[in-house]
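Have a look at the structure below, then the notes.
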Amino acid sequence: MSDDFLNLLNPEQRKAVTLPEESALILAGAGSGKTRVLTSRINFLLTEGICHPSEILAVTFTNKAAREMLDRVGRQLPIKVSRMWVGTFHGLCNRMLRAQYKAAGLPQSFTILDQSDQLSMIKRVMKAHDFSTEINKPSEVQSYINGCKEEGLRATDVHEKRPRFIDKLSIYERYEDTLAKEGACDFAELLLRSYELLKNHPDIRKHYQDQFRFILIDEFQDTNKLQYKWIKLISGIEDGRAINTVFAVGDDDQSIYSFRGANLDNMRQFLHDFKVADPIRLEQNYRSTGNILKAANELIARNPSRLGKNLWTNSGEGEKIRVFEAENDLEEARFVVEAITQYRSEGIKYKDMAVLYRSNAQSRVLESALNNNGIPYLVYGGFRFYDRQEIKNALAYLRLAENTSDDAAFLRVINVPTRGIGQTTVEKIIDEAEVKGCSCFEVARSFQGRAAKAIASFVSLIEEIRAKKDQMPLGDLVSYAVAKSGLISMYETDPNGQDRIENFRELTSAAESFVVIEHVDEETEETELKPLALFLANATLESGESQSKLGEDAVQLMTVHSAKGLEFEIVFITGLEEGLFPHNNSIFSPESIEEERRLMYVAITRAKKRLYMTMAHRRLLNGREDFHIPSSYLSEIPAELLKYLSPQSRRSTEVDSSNEGDDFGESIWNRGRRMENWTRQIFERPKPTTFGMRSRVKSNSPYAPGTKILHEKFGEGVIYNLTGEGESQLIDVMFSKYGKKQMLLSIAKNKIKIV
DNA sequence: TCTGCGTCTTTTTTT
DNA sequence: AAGACGCAGA
């Protein structure tokens with residue numbers, strides 16, 4: 001037997017991998033070989049004969065990570081990896097619930113609602129029960145509900161005293177009823193159901209506890225309270241039974257999902273609950289050069305209450321971080337494109353370069369700049385395949401066929417394509433369903449009235465798909481449904497419908513290649529398989545982690561969030577502006593500012609060789625031009641690690657002598673000077689005293705947009721908008737410390753000073 | 001009942 | 001800028 005894989009590890013890694021049967025917390029810094037440790041651990045457990053594949057439960061953050069893990073282990077060992085349970089929390093809970101649907105109180109073919117399905121359902125529930133969407137915004141209700149669920153709280157568990165949440169709570173209550181009635185689960189519900197299943201059924205709990213002797217959790221810092229409770233339950237630690245060991249791997253500095261309930265405190269709690277004396281720290285970084293790492297360390301050091309960790313490398317200092325302050329977003333994009341072109345000509349592949357941004361909206365300008373220069377690029381996230389309306393429509397037909405209680409699906413396609421069933425009729429159906437306490441489809445089956453004929457043909461359409469669904473191969477079923485439903489002919493007349501029809505083809509082939517993984521577990525698990533239900537669940541859970549056109553040489557564009565876990569030779573972090581990164585919505589709470597800082601930390605540590613940080617003083621955002629000052633995070637990085645490339649900063653900062661020479665950043669700048677006239681205008685425009693003064697807003701007021709001010713209470717800021725007349729004139733100010741504020745000029749006048 | 005138009009609002013991150 | 005929503009006219 002070969003222990004080769006152990007020889008590839010450094011001492012800390014090896015210590016983690018070869019740990020005896022006990023729980024552990026591995027603090028794995030960015031680029032410290034976390035994935036290798038996880039897979040090696042599994043490898044170790046199996047090759048040493050410590051356990052069988054079926055005794056391993058591994059939770060990853062994304063489906064992609066799960067696939068990679070299975071892949072790597074499978075390649076190293078001649079073992080049936082399908083016996084292991086590897087997946088995301090949601091994926092694993094789904095698997096468990098499908099197997100135990102009866103005990104969980106769900107129909108076998110329960111539907112999974114994604115975020116937007118959930119939102120529609122909330123709207124529907126609010127409408128049905130006469131809740132004003134003015135007072136309670138559906139999206140706020142949504143986050144309230146998810147917030148509760150992520151803490152493991154049912155509506156009946158919440159004793160709400162805060163007045164403004166009382167209504168949200170009762171909407172939650174009714175929403176729960178609707179979910180149950182329609183046989184649907186939202187994302188959080190999958191976890192909660194699964195948790196309750198284990199909690200309320202000692203026999204089932206024991207079954208899984210007996211099975212999973214080794215539990216491995218990746219990205220532990222991003223688990224929420226409910227997920228942690230789930231882990232505790234399944235590990236057996238709460239029952240005081242023979243305890244399964246939990247091997248938790250995470251990095252508190254990379255916790256960036258608190259907006260969806262991630263609870264950083266789980267790490268501390270874990271040490272206590274699982275009696276882990278000391279976390280194992282993996283601090284040697286194999287990814288980035290010294291300067292990049294130093295910048296990351298210095299930045300993150302500003303966050304109080306970390307578990308503590310300092311990355312080091314022996315790969316040398318490397319280049320400095322290049323900073324570019326652009327006049328506007330167009331120029332920023334141009335700069336990035338220039339650099340990419342240059343690197344490409346030096347032989348660096350497009351796919352080794354990534355452009356990162358805080359929010360998806362920022363990709364537009366970058367995309368068009370890349371496009372104009374004929375540079376291939378790949379945008380991650382953004383429009384997901386399964387989010388497209390035509391795909392959602394097609395899936396809705398299939399959902400309804402699989403689960404006729406699925407009113408959400410019913411309402412989505414009852415009149416798509418239009419078949420003469422209008423709002424009045426639909427509302428009649430909804431009301432009747434409400435009265436009878438049955439599904440809309442049930443009502444439709446015996447619908448009498450004006451549109452009876454149209455409805456009857458819709459019903460028989462669904463029945464036909466239903467009749468075929470367990471006979472036909474999945475791929476055939478999908479193409480049958482899109483044709484028979486009339487969706488194809490509907491899009492044929494649509495001017496840009498060709499793409500949509502093409503997407504149907506893609507959906508069909510996804511269905512064709514969908515393999516129902518057979519994990520028939522003796523005793524408890526059901527053996528009867530429902531391919532369509534599994535396919536639909538998979539579609540929502542794997543909502544298009546782009547089947548990344550692998551091997552394609554293209555520049556990678558993505559948000560910082562989706563860059564987590566990835567690495568690139570060259571990284572551009574764009575939009576380093578106060579209000580954007582850190583984002584305005586985070587600016588008011590210290591915790592969020594810290595989270596944003598961690599986000600920046602993640603961004604920086606993606607880079608292997610070269611890192612660029614760029615910002616734009618003016619930016620078109622939400623349909624209007626905003627003025628921005630450089631991100632405070634930029635100033636949190638020691639100046640000696642930075643090298644400014646932009647003319648603006650050259651003027652304001654003394655030129656660093658290291659900026660001379662044939663260094664690469666220099667060459668871009670020099671080439672910039674030789675460019676055509678219009679380009680030169682941008683590059684060589686003198687720095688305006690109040691930056692961004694070439695405002696389109698016609699105004700000769702001293703408070704015109706772009707004016708820098710000092711407020712007696714809020715400190716420094718920039719006016720970015722001026723509206724109204726006379727006494728009611730308003731200014732919008734972006735403060736560096738307090739974010740956006742709108743104030744009445746007549747009053748603010750006395751409190752501000754123009755700088 | 002359907003369609004088109006105008007108005008309104010919304011803008012963080014995603015399993 | 002783009003999408004959701006509501007209203008009016010066909």
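Reminder, nothing fancy here: chain letters follow the sequence lines and each chain counts from 1.
A side-chain donor-acceptor contact under 3.5 Å links Thr223(A) and Asn266(A). Counting only N and O atoms by type, the side chains of Ser586(A) and Glu595(A) include no donor and acceptor under 3.5 Å apart.
Residue Asn415(A) is classed as a sugar-phosphate contact, given heavy-atom separations below 4.0 Å to backbone atoms only. Within the 4.0 angstrom heavy-atom criterion, no nucleotide atom of any strand lies near Ile256(A).
An OP1 or OP2 oxygen of dT1(B) is reached within less than 4.0 angstrom by no side-chain nitrogen or oxygen of Thr418(A). Within the 4.0 Å cut-off from OP1 or OP2 of dT1(B), at least one side-chain nitrogen or oxygen of Thr425(A) is found.
Taking both residues in full, the closest heavy atoms of Leu113(A) and Gln118(A) are given as CB-N, 4.2 Å, listed atom of the first, atom of the second, then distance. Pairing each heavy atom of Val413(A) with each of Ala396(A), the nearest pair is CG1-CB, 3.6 Å. Across all non-hydrogen atoms, the minimal contact from Thr540(A) to Phe187(A) is O-CZ, 3.8 Å.
Place Gln227(A) and Glu596(A) on DNA chain B by their nearest nucleotides, and Glu596(A) ends up nearer the 5' end. Along DNA chain B, the nucleotide nearest to Arg419(A) and the one nearest to His583(A) differ in position, and the one closer to the 5' end is contacted by Arg419(A).
With distances taken from any side-chain atom of Asn585(A) to the nucleotides dT12(B), dT14(B), dT3(B), the minimum falls on dT12(B). Distance from the side chain of Thr424(A) is smallest to dT1(B) among dT1(B), dT12(B), dT14(B).
dT12(B) has no stacking from Phe259(A) on its base ring, since the centres under 5.5 angstrom apart and planes within 30 degrees of parallel are not both found.
Within 6.0 Å of atom NZ in Lys225(A), 12 or fewer heavy atoms from other residues, nucleotides or ligands are found, so the atom counts as exposed in its surroundings.
The interatomic distance linking Arg619(A) (CZ) with dA1(C) (P) rounds to 15 Å, in whole Å. Between the CZ atom of Arg598(A) and the C1' atom of dT12(B) there is a distance of 15 Å, given to the nearest Å. For Gln362(A) and dT13(B), the CD to P distance is 9 Å, given to the nearest whole Å. Ile593(A) places its CD1 atom 15 Å from the P atom of dT12(B), with the value rounded to the nearest Å.
The stretch residues 555-564 of chain A participates, sequence neighbours left out, in these salt bridge (charged side-chain N to carboxylate O under 4.0 Å, His left out) pairs: Glu219(A)-Lys564(A), Asp222(A)-Lys564(A).
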Tabulated below should be each protein N or O lying under 3.5 Å from an N or O of nucleotides 2-6 of chain C; please produce it.
unit_1 : atom_1 : unit_2    : atom_2 : d
dA2(C) : OP1    : Arg364(A) : NH2    : 3.3
dC5(C) : OP1    : Lys123(A) : NZ     : 3.2

Which protein N or O atoms sit under 3.5 Å from an N or O of nucleotides 4-9 of chain B?
none

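Comparing dA4(C) with dT13(B), their C1' atoms sit 22 Å apart, to the nearest whole Å.
In terms of polar N and O atoms assigned as donor or acceptor, the side chain of Arg358(A) comes within less than 3.5 Å of the base of dT13(B) in a complementary pairing.
Cation-pi check for Arg260(A) over Tyr257(A) is met; the charged atom lies under 6.0 angstrom from the ring centroid and within 45 degrees of its normal.
Between Arg399(A) and Asp406(A), at least one side-chain nitrogen of the basic residue sits less than 4.0 Å from a carboxylate oxygen of the acidic one, meeting the salt-bridge criterion.
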